[in-house]
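Each remark here refers to the structure printed beneath this line.
Values below: every heavy atom of this structure, side chains too, minus hydrogens, waters and symmetry copies. Every chain is numbered from 1, with letters handed out A, B, ... down the list of sequences.
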Number of protein chains: 2
Amino acid sequence: MPPVKPRILRGFRDHLPEDMLPRAHMFGVLERVFRAYGFLPLMTPALEYSEVLLGKYGDEGDSLLYRFDDNGGRDVALRYDLTVPLARVVAQYPELQLPFRRYQIAPVWRAEKPARGRFREFTQCDGDIVGSPDLVADAEVIQMGADMLRSLGVHSFRIRLNNRKVLRGLMETVDVEPGAAELAVLRTIDKLPKIGEEDTRRLLENENGLDTKRVERIFDFLTIAGGTTEILDRLDGFFAEVGAGQSGAAELREVLGLLEAAGLGELATVDLSIARGLNYYTGTIYETFLEDLPGFGAVMSGGRYDGLIGTFTRESVPAVGISLGIDRLVAGLRELDLVPAGESTAVVLVTVFDRASLPHAIGIARRIRDEGTPCELYPQVAKLRKQLRYAERSGKRFVVIAGPDEVASGAVQLKDLASRTQDEVALAEIGALLKQRLAN
Amino acid sequence: MPPVKPRILRGFRDHLPEDMLPRAHMFGVLERVFRAYGFLPLMTPALEYSEVLLGKYGDEGDSLLYRFDDNGGRDVALRYDLTVPLARVVAQYPELQLPFRRYQIAPVWRAEKPARGRFREFTQCDGDIVGSPDLVADAEVIQMGADMLRSLGVHSFRIRLNNRKVLRGLMETVDVEPGAAELAVLRTIDKLPKIGEEDTRRLLENENGLDTKRVERIFDFLTIAGGTTEILDRLDGFFAEVGAGQSGAAELREVLGLLEAAGLGELATVDLSIARGLNYYTGTIYETFLEDLPGFGAVMSGGRYDGLIGTFTRESVPAVGISLGIDRLVAGLRELDLVPAGESTAVVLVTVFDRASLPHAIGIARRIRDEGTPCELYPQVAKLRKQLRYAERSGKRFVVIAGPDEVASGAVQLKDLASRTQDEVALAEIGALLKQRLAN
């Protein structure tokens, strides 16, 4: 048979080791912060019944699902995010004790048009508090998110907050019904930073069918600016007669106060253009941007979704969460030169001299590993020169060589590629010696 | 809209926190062993072009693929294992330096009939050495696998080895052609431990179309027993005139010798009934069983597949690997009472007294976390009794309480749920004190 061309689907990626090492390191850092806040790990399947996912993300989201009939004719889809599966879990297992804090770091799939930095499979890192309607939970997840960024070495970022009730208030003032119509307008508003004011106005008129007066009203709202206190005061004025808007503004004010208490006063601001494209948000929403990379897009976002779990059960359960986009964050860290090196891999290579000495080489590698030092045994009999070249190229620091003389005398040659020195070491001491040299 | 029933697909599972905590702990242990042997992490997509996966697992495997047309009409499938994607990666990136050692811990999908312990989504944990044709690589991955089991607390296990060339030799003696016919016979042989001799004989006759004499010959082979040396000697006799069988037996002998040098002599044995159902194996094959759970099935298996990468490129690249079935292993560890507790989660709950004291409570939680102690802030204003009940049920050891008096005096009440004692502690000291008490 002719070879099958080795290729990967467009919008998908292989993460080779040089890419995976820093990612694995990051996952470890993020898990430690989750645990510091009392969050517990959860894993849900990649595939769900389609009906579980449909209608939660809006029409565009529905159309981007990887959806198919499985071998048993079931209508299934790959998960689009980690939030809807969490909501399904909470509804399905009433024995889960509330408040429930869970985290999950896992891939999600969206059949988007691939573009620079936009992939069809990407890793989300989510933390959610389920069961609390209180805004202190909103502040807690945002505070945790800020700790995550700092733990990754990012200190210059801005958390831009808004509230869906504020946006509902705005929609009331321009006579847009809740539901699909509102979501469509919010999607247009969401594009403002990317497409600019002129195009946004045109879309609002042509695609969302709003007249000039209403578009003007929306821009009156979107251009409410200033410091946090000023924006909140002006919002109160804007919503003097709009109940939803008032309660949204009050929630925004309270979350900001709690974030202030958490020491995040300077990092958190109000941004009335933050809309979030997903259907399920009901209160607090936010996006987080790297200050040193303007125009880069949000690296961490989320919000409150008090109605989502109720779509699976008659009993409504409030919830709020945060989601880090691992892939975008890695890209950002790379641009900022903040990508961690990842934990060190094996720095010792044990060479093999000939077939007869193979058992001896295996024993040497075992002694070194038993002392806790990662080590590779060269996996075939080959010319020493080839093995040394491999050691250099793969970043080893030490090479252990044992030919027939060494085997006979119970010794090994230890080559230090950094200092270009070579010592003869007693076999019984090689493990302890390497451990000691690497500790220095 | 009426609620959508919260349900999961049959054969799929949610791993709730009590299940995920020990799994997360295990993943950490396994990663450390991979690193100790110089293996590097790789991540490949869940979805591949179907043509990449088809024909690698045999007809049964092909039929179990989750295969569908994506939104762009591409014929795609969820990965069935981690080995074929690795082979695709090696063929696709010629810049990868050989020998290449990689590990991957990730879910795979097979549309099998669900049964006790058999799932449609399950996690594989694979380590492979690519680029070495030498049997020392076979021994190295098996040795690593043994270290993995030991690191998880399993010391009583048996690695049963065989070799596809030995089985090819057997097929020659009964006139079965290589390819589909051979694989079908091997699949039948693979069932022997489950269905017994009588049913295996019947299947060999009726389904594989072998006459009684040939079936007899197969059982002459399968009943070659005794100590390792005895089996190997009898194999030499059996294959006196069969080249493939002789070279397979020589390979078996060499791998066993290398495992002896690695200190695994007592754990590794020959088992001529080990066949492995997958198409791609070419040399060493093995399965590992827990001695204390007879009949439980293999928890770790793998082998050499020197032809697989060559299906993607004209250049053949040898490879050998090991795969741990995480889910079966967890089930086995559970039966043996070896499931680790998982790392501890937050053991401190900071209660919230009323809205006015919320900022204070946030500050307390921050002090505790800043000292490195995981801690939960109760995420809403609620009756103290309710918060204490939550602390008890979720396994907290300490509860911190700060009412208006404490806020005014800069103190907190620290309740120890284990000793049922309560102290007043200065706010400035709570972080250090908890750290100290938890260290004891």
Side-chain angles (χ1 to χ4, degrees), chain A residues 3-4 6 8-9 12 14-17 20 24 35-36 38 40-47 49 51-52 66 68 70-71 76 88-89 91-92 97 99 107 111 121 129 132 134 136-137 140 258 261-262 311-314 345-346 352 358-359 362-363 366 369 374 376-377 379-381 393-394, chain B residues 3-4 6 8-9 12 14-17 20 24 35-36 38 40-47 49 51-52 66 68 70-71 76 88-89 91-92 97 99 107 111 121 129 132 134 136-137 140 258 261-262 311-314 345-346 352 358-359 362-363 366 369 374 376-377 379-381 393-394:
Chain A
V4 171
I8 190 169
L9 287 159
F12 289 74
D14 294 309
H15 295 287
L16 300 183
M20 270 307 286
R35 300 283 181 104
L40 298 171
L42 174 74
M43 200 166 110
T44 61
L47 279 179
Y49 278 105
E51 64 172 11
V52 164
Y66 277 92
F68 62 99
D70 77 2
N71 300 6
V76 301
R88 197 257 307 145
V89 162
Q92 190 173 339
Q97 203 196 339
E121 176 184 68
I129 299 180
S132 167
D134 198 315
V136 67
E140 176 98 329
L258 295 171
T311 64
F312 295 110
T313 162
R314 297 264 170 213
T345 53
V352 299
L358 266 179
I362 288 174
R366 207 173 141 211
R369 289 171 185 145
E376 264 180 63
L377 175 67
Q380 69 187 104
V381 176
R393 286 199 187 154
S394 64
Chain B
V4 170
I8 190 169
L9 287 159
F12 288 74
D14 294 310
H15 294 288
L16 301 184
M20 271 307 286
R35 301 284 181 103
L40 297 170
L42 173 75
M43 199 166 109
T44 61
L47 279 178
Y49 278 105
E51 65 173 10
V52 165
Y66 277 93
F68 61 100
D70 77 2
N71 301 6
V76 301
R88 196 257 307 144
V89 162
Q92 191 172 338
Q97 203 196 338
E121 175 183 69
I129 299 180
S132 166
D134 198 313
V136 67
E140 176 98 329
L258 295 171
T311 65
F312 295 110
T313 164
R314 297 263 170 217
T345 53
V352 300
L358 267 179
I362 288 174
R366 207 172 140 213
R369 288 170 186 146
E376 264 180 63
L377 176 67
Q380 69 186 100
V381 176
R393 286 199 187 152
S394 64

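Ranked by heavy-atom pairs under 4.5 Å with chain A, the first of B:Pro99, B:Gly38, B:Ala91, B:Ala46 is B:Pro99. Of the residues considered (A:Ile362, A:Leu258, A:Val381, A:Asp134), A:Asp134 shows the highest number of contacts with chain B, using heavy-atom pairs under 4.5 Å. Options B:Ala262, B:Pro359, B:Gly363 differ in how many heavy-atom pairs under 4.5 Å they form with chain A, and the most are formed by B:Ala262. When each of A:Pro17, A:Ala36, A:Pro6, A:Ala261 is scored by its heavy-atom pairs under 4.5 Å with chain B, the top score falls to A:Pro6. Ranking B:Val76, B:Thr44, B:Val52, B:Leu16 against chain A, the residue ahead of the rest is B:Leu16, based on heavy-atom pairs under 4.5 Å.
For A:Thr313, the part lying under 4.5 angstrom from a heavy atom of chain B is the backbone only. Neither the backbone nor the side chain of B:Pro107 comes within contact range of chain A; no heavy atom of the residue lies under 4.5 Å from a heavy atom of that chain. For B:Glu140, the part sitting under 4.5 Å from any heavy atom of chain A is the side chain, from C-beta outward, and nothing else. Only the backbone of B:Thr311 has a heavy atom closer than 4.5 Å to any heavy atom of chain A. Proximity to chain A (any heavy atom under 4.5 Å) is restricted, for B:Val89, to the side chain, taken from C-beta onward. Looking at B:Ile129, the atoms closer than 4.5 Å to chain A (heavy atoms on both sides) all sit in the side chain, from C-beta outward. With a 4.5 angstrom heavy-atom cutoff, A:Val352 does not touch chain B via any of its atoms. For chain A, the nearby part of B:Arg369 is the side chain; its heavy atoms alone come within less than 4.5 Å.
In terms of heavy atoms, B:His15 sits closest to B:Met20 at O-CG, 3.3 Å. Of all heavy-atom pairs between B:Arg88 and B:Pro45, the closest is NH2-CD, 3.7 Å.
Within the model, atoms CD of B:Gln92 and CG of A:Asp14 stand 6.0 Å from one another, a figure rounded to the nearest 0.5 Å. Residue A:Leu9 holds its CG atom at 5.0 Å from OH of B:Tyr49, rounded to the nearest 0.5 Å.
The aromatic rings of A:Phe68 and B:Phe68 lie parallel to each other, with less than 30° between the two planes, well short of the 60° mark.
Looking at heavy atoms from C-beta onward, B:Arg35 lies in side-chain contact with B:Pro41 at the 4.5 angstrom threshold.
Without hydrogens or angle criteria, A:Ser132 side chain to A:Ala137 main chain gives no donor-acceptor distance under 3.5 Å.
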